[in-house]
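What follows is a short report on a single structure.
Both ligands and their constituent atoms are indexed starting at 1 by order of listing. When reading the values below, keep in mind they use all heavy atoms of this one structure, side chains included, and skip hydrogens, waters and symmetry mates.
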Amino acid sequence: MQRIAIFASGTGSNARKIVEHFKGHPSIEVNLVVSNKATAPVLDMAAAHGIPTLVLKRSSFYETEELLAQLRGIDLIVLAGFLWLIPDYLVRHFPRKIVNIHPALLPKYGGKGMYGKYVHQAVKAAGEAESGITIHYVNEHYDEGRVIFQESCSLEPEDDAEAIAQKVLALEHRHFAPVIEQLLTINYRS
Ligand code: GRF
C-alpha cells in the first residue's frame, strides 16, 4: 500500500474528494488527515471515514520535528487548503513527496497572502479572461515548487470572485485525486 497524509485547514471539500476517490483502492490509501485547526470540518469528515486525524500545534510544528514520527510510512503528503508554510525539515524529509493545489495558474496569483478568495479577487481585479488550477511540488517557499499539472477555465466578464471560485473549485474536484493517483502509480519517482 502507498499511504497518503492529507493536510487541510478548512472545509476540506478537496480532502473529501480524495478520500472518496481512494476508498477501496487496491494500492493507495489515505492514512492520516492533519489539520492546524481543532474545529476544522475536515477532521469530522476523516473521522466519519475511519481515518486517523491529528491536530497540529504551531509551536511543535515549527520548533520540533515530532511530526516526523507520526508521518512514518507516509509516501505522499497532500496539501489541500493547508495554510501554514511547510517547515524546512518536512521538505527535506519528503523530497518531491509533498504536493499542493493552488486555485490559480501559477506563477500568477501565488505567494504569501494569495489564498482562497484573495486569489479570485485578484484575478477579477486584473480582468483575466481565464483562471485555473495548479498542482505542484512543495518547497520552502509558498507556491514555488515545480509544476506537475495545470488546467484552465475561461472566465466571463460578468463572473465575480465567487463565480470564479466555483469554476476553479470544480476543476480541483475533477483533477486533484486522479493526478495524485497518477503520481503514485505511473510517474512516481522517490
Ligand atoms: C482550494 O481552493 C485550494 O485550492 C486552496 O484552498 C481551497 C480549499 O478548499 N488551496 P477545500 O477546503 O478543499 O474545500
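Not a single N or O atom of H102, backbone or side chain, sits closer than 3.5 Å to an N or O atom of ligand 1.
With respect to atom 6 (O) of ligand 1, the closest heavy atom belonging to the protein is G81 CA, 3.4 Å. Among all protein heavy atoms, the one lying closest to atom 10 (N) of ligand 1 is I101 O, 3.3 Å. Looking from atom 14 (O) of ligand 1 to the surrounding protein, the closest heavy atom is S13 OG, 2.5 Å. Ranking protein heavy atoms by distance to atom 9 (O) of ligand 1, first place goes to N14 ND2, 3.8 Å.
Proximity to G12 (heavy-atom distance under 4.0 Å) selects the following atoms of ligand 1: 11 (P), 12 (O), 13 (O), 14 (O). Using a 4.0 Å cut-off to heavy atoms of E172, the atoms of ligand 1 that qualify are 1 (C), 2 (O), 3 (C), 4 (O).
Using a 4.0 Å cut-off between a side-chain N of Lys or Arg and a carboxylate O of Asp or Glu, D159 and K124 do not qualify as a salt bridge. Comment: E128 engages K108 in a salt bridge, judged by a side-chain N to carboxylate O separation of less than 4.0 angstrom.
For the pair R96 and Y137, the cation-pi criterion (under 6.0 Å, within 45° of the ring axis) is fulfilled.
Side chain of Q2 to backbone of L184: a donor-acceptor contact under 3.5 angstrom is found. Distance alone, capped at 3.5 Å, is enough to place a donor-acceptor pair between the Y62 side chain and the L85 backbone.
Taking 4.0 Å as the cut-off, G116 does not count as a neighbour of ligand 1 on heavy-atom distance.
E181 and H25 are linked by a side-chain donor-acceptor pair at a separation below 3.5 angstrom, with hydrogens and angles left out of the test.
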